[in-house]
**Student:** 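This is the structure, below, for whatever I ask next.
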Amino acid sequence: MRRKPIVKSLLYVLSASAVISAGHVYVSHADDLDNGANNTATAATVNTNVTAASSVNNILGSQLTADNFISTISPIAQSIANSNNLYASTMVAQAALESGYGTSYLTQIANNLFGIKSFDGTGVKLKTSEYNSKGQAYSTYAYFKSYNSVMDSLQGYATFLTVNSRYANVFKSQAKDGFEAATNIQKDGYATDPSYATKLINLIKTYNLTALDGNTSSTNTNTPSTPSTNSSSNNTNTNNTTNTQPTTTKPKKTLATATYTYGNPLETFQLSSKFANYNLYTHVKDTTAKNVTGNWPSHLKAGSNVYVDCLAVRTYKGSSTTWYRIKTSKNAKSYWVSAKAIDFPTIHVKEYNGKAKLSHANRGLYSNVFNSQTLAKSLGSSNSYKDQTFNVNQIATYTYHGKENTWYRINVSDLGDVWVNKTGVTYTKAEKKKVTKKKAKKVAKKKTTTKSSVYSKASGHAYLNNYGKFALYNHIPGTSKHIQKTAWSQVKVPKDYKVGVNLKGIRTEYNTTWYRIVLNHKNYWISAKSLLFY
């Protein structure tokens, strides 16, 4: 059906920042491509048959047009959004804005709806336009991911938000509806276009995309009808008016709060022996009034593997508990469950001095050891560091899933300390220098003297991690004659493990890093190995 010119003009105004010109792609922000087009379908019409998603799962970008875009991707987006605790309304609005309703060059040739970039030199290289801190546009070239289908692109978008913790408040557990999620995603830095959130909200309203979100509020402004009264009615019963009881409003339940840390969607854990005693929830318990419980699949048993991609520290009525978001299979729906339902391995970490050469590319670099309680957030891949050698400062070993695991913590100049699995790594122990009796005496004497440290300003916060293995000091050890150690039993550890950081020190003798943190309004020095920075 041909669109009327006035409708076409209105819709182009809604996405006026997106233009395709002379084969060049215009991009309004850092992460995505943005091309103008329009569509006349609404979410209200496509929401009536969500099961149609399975019939279009393998659709390609080349099959999308401005006319069929909304009706084609909405069922797939709704299914993926529900499985990832996201708002389908925001997802579809972003896909429409980023891809020019499926007509962008990147969508047509690479099935990439959101303009998600590739940082390993693979994919499609295109000229893009981005905005600087002053809101001024500039042109640059970048690589963008290539997907097998539109469905893979939608799932790639969900995964992108999941593994990047800065987008935590885009999820249903944080944003009250698709409009707030659209506002939050711009605040989190997804787009540099200053009017990005406004454009998304306009699209959600125009196509009534909130209909895809289920129990969220709709944009329909119709008011419910009220019962009519008839003054000529023969009903003489006056009890309905004289004995009316005053209505009482039930006080709202106090909700819990939670802080979220995202990990890797491919990380798996085993269920504990008592997992069935704990309920599954669509949100962390008591963090929302609209929380639905789920059922454990009957085939699961103690030791069964589940996927875990997010950790939440829940604070409720003065006490804190830990929760994890899990999937019982890759394509299953996500649920939250108490940490007590999961069996974590005992990880042995020891200081080490050696060298590790990354002999293979495509190895993940992580913030933590895989299968640790704090989860392992992806920090990149080893593609850019193949055949390079790095210092090893810690080795972690554990047995899990019946397999022995070894991880090395290496220091990468532009990433800091990261963890890498020993597979594909050539490890060399540091050589021990022979020390003569004369030199041994000198070394012993040397250790009794204080050594200097180099200090630099630090600000912000960090999270305590395996902190019990490290002591608290009033000075960096070895830098003062008056060193005092404080036991953890003498301080109150924050429930969310979050501490302030105000100074950084490098002990020059051993080239070790220390931070001065604030606990209970007092300053303490602690090894950097006990802290995580996000």
Side-chain angles (χ1 to χ4, degrees), residues 118-122 163-165 261-269 344-435 454 462-470 504-515 526-534:
S118 170
F119 295 99
D120 58 3
T122 62
V163 301
N164 287 278
S165 58
T261 301
Y262 289 87
N264 190 299
L266 299 179
E267 194 164 9
T268 59
F269 292 83
F344 296 96
T346 300
I347 301 176
H348 305 282
V349 180
K350 60 183 179 180
E351 304 298 315
Y352 228 78
N353 184 18
K355 301 284 185 181
K357 180 180 180 182
L358 301 184
S359 53
H360 290 279
N362 300 316
R363 296 294 172 187
L365 303 176
Y366 300 95
S367 62
N368 248 318
V369 178
F370 247 56
N371 301 126
S372 61
Q373 295 188 33
T374 47
L375 302 185
K377 184 173 71 172
S378 176
L379 299 178
S381 72
S382 62
N383 288 347
S384 303
Y385 309 102
K386 184 181 178 182
D387 296 329
Q388 293 185 35
T389 301
F390 300 93
N391 292 323
V392 176
N393 50 47
Q394 283 187 348
I395 293 182
T397 57
Y398 63 97
T399 301
Y400 201 47
H401 300 265
K403 179 183 176 182
E404 292 185 357
N405 293 269
T406 300
W407 289 72
Y408 300 120
R409 193 171 79 165
I410 63 176
N411 188 271
V412 180
S413 59
D414 54 340
L415 296 176
D417 286 333
V418 298
W419 288 93
V420 62
N421 190 273
K422 76 169 186 177
T423 306
V425 173
T426 303
Y427 176 72
T428 306
K429 290 184 179 180
E431 294 182 5
K432 291 184 178 180
K433 295 182 179 179
K434 293 182 180 180
V435 181
V454 178
Y463 293 89
L464 295 173
N465 179 49
N466 294 326
Y467 60 91
K469 299 178 181 179
F470 303 91
K504 178 181 179 181
I506 305 293
R507 187 178 176 187
T508 55
E509 181 182 6
Y510 300 110
N511 193 31
T512 54
T513 303
W514 295 74
Y515 283 95
I526 191 169
S527 170
K529 296 173 183 177
S530 67
L531 301 174
L532 286 178
F533 293 86
Y534 293 106

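We're numbering straight along the sequence, starting at 1. What you see is a predicted model, and the numbers here were worked out from it, not measured in a lab. Keep in mind that the numbers below use all heavy atoms, side chains included, and drop hydrogens, waters and symmetry copies.
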**Student:** In the structure I gave you, are the side-chain heavy atoms of Glu404 and Thr397 within less than 4.5 Å of one another anywhere?
**Tutor:**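 They are not in side-chain contact.
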**Student:** Compare all side-chain heavy atoms of Thr399 with those of Pro345 and state whether any distance is below 4.5 angstrom.
**Tutor:**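 No, too far: nothing below the 4.5 Å cut-off.
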**Student:** Shortest non-hydrogen contact from Ile395 to Trp419?
**Tutor:**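 What the structure gives for the nearest pair is C-CZ3, 4.4 Å.
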**Student:** Just jot down the side-chain hydrogen bond (donor to acceptor under 3.5 Å, both in side chains) partners of Thr512, sequence neighbours excluded, or say none.
**Tutor:**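 Thr512: side-chain hydrogen bond (donor to acceptor under 3.5 Å, both in side chains) contacts with Trp514.
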**Student:** Hey, could you give me the CD/NZ distance between Gln394 and Lys350, rounded to the nearest 0.5 Å?
**Tutor:**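 Interatomic distance, Gln394 CD to Lys350 NZ, rounded to 0.5 Å: 11.5 Å.
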**Student:** Does Asp387 reach the side chain of Leu358, with side-chain heavy atoms less than 4.5 Å apart?
**Tutor:**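 No, every pair of side-chain atoms sits at 4.5 Å or beyond.
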**Student:** CD1/Ile410 to CG/Asp417 distance, rounded to the nearest 0.5 angstrom?
**Tutor:**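 Going from CD1 on Ile410 over to CG on Asp417, the span is 9.0 Å.
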**Student:** What residues, two or more places apart in sequence or in another chain, satisfy side-chain hydrogen bond (donor to acceptor under 3.5 Å, both in side chains) together with Tyr398?
**Tutor:**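 So Tyr398 forms a side-chain hydrogen bond (donor to acceptor under 3.5 Å, both in side chains) with Asn371.
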**Student:** From Asn393 CG over to Tyr408 OH, what is the distance, rounded to the nearest 0.5 angstrom?
**Tutor:**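 If I round to the nearest 0.5 Å, the distance is 13.0 Å.
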**Student:** Give, for atom CG of Asn465 and atom OG of Ser530, the distance between the pair rounded to the nearest 0.5 Å.
**Tutor:**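 So the CG of Asn465 and the OG of Ser530 are separated by 8.0 Å.
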**Student:** Among residues at least two apart in sequence or on other chains, which ones pass side-chain contact (heavy atoms from CB on, under 4.5 Å) with Asn391?
**Tutor:**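 Applying side-chain contact (heavy atoms from CB on, under 4.5 Å) to Asn391 gives Lys355.
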**Student:** Kindly give the heavy-atom pair with the smallest separation between Leu531 and Tyr515, and that separation in Å.
**Tutor:**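 Minimum heavy-atom contact is CD1-CB, 3.8 Å.
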**Student:** Who pairs with Leu379 by side-chain contact (heavy atoms from CB on, under 4.5 Å), at least two apart in sequence or on another chain?
**Tutor:**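 Only Ser367, Lys377, Val418 meet the side-chain contact (heavy atoms from CB on, under 4.5 Å) criterion with Leu379.
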**Student:** Look up atom CD1 in Ile347 and atom OH in Tyr400, then write down how far apart they are to the nearest 0.5 Å.
**Tutor:**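 Here the interatomic distance stands at 9.5 Å.
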**Student:** Quick check: do Leu375 and Asn368 have side-chain heavy atoms less than 4.5 Å from each other?
**Tutor:**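 SC-SC contact between Leu375 and Asn368 ruled out.
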**Student:** With sequence neighbours left out, write down each residue that passes side-chain hydrogen bond (donor to acceptor under 3.5 Å, both in side chains) with Tyr385, or none if nothing qualifies.
**Tutor:**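 So Tyr385 forms a side-chain hydrogen bond (donor to acceptor under 3.5 Å, both in side chains) with Asp414.
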**Student:** Starting at CG of Leu365, measure out to CG of Asn421 and round the result to the nearest 0.5 Å.
**Tutor:**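 Answer for the CG-CG pair, Leu365 versus Asn421, is 11.5 Å.
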**Student:** Among residues at least two apart in sequence or on other chains, which ones pass ring-ring contact (aromatic ring centres under 6.0 Å, His included) with Phe470?
**Tutor:**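 Phe470 satisfies ring-ring contact (aromatic ring centres under 6.0 Å, His included) with no residue once adjacent residues are dropped.
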**Student:** Look at the aromatic rings of Trp407 and Tyr366 and report parallel, tilted or perpendicular, splitting at 30° and 60°.
**Tutor:**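 Perpendicular: the ring planes of Trp407 and Tyr366 meet at over 60°.
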**Student:** Does the Glu267 side chain pair with the main chain of Ala376, one donor and one acceptor, at a distance under 3.5 Å?
**Tutor:**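 Checking the backbone N and O of Ala376 against the side chain of Glu267, a donor-acceptor pair under 3.5 Å is found.
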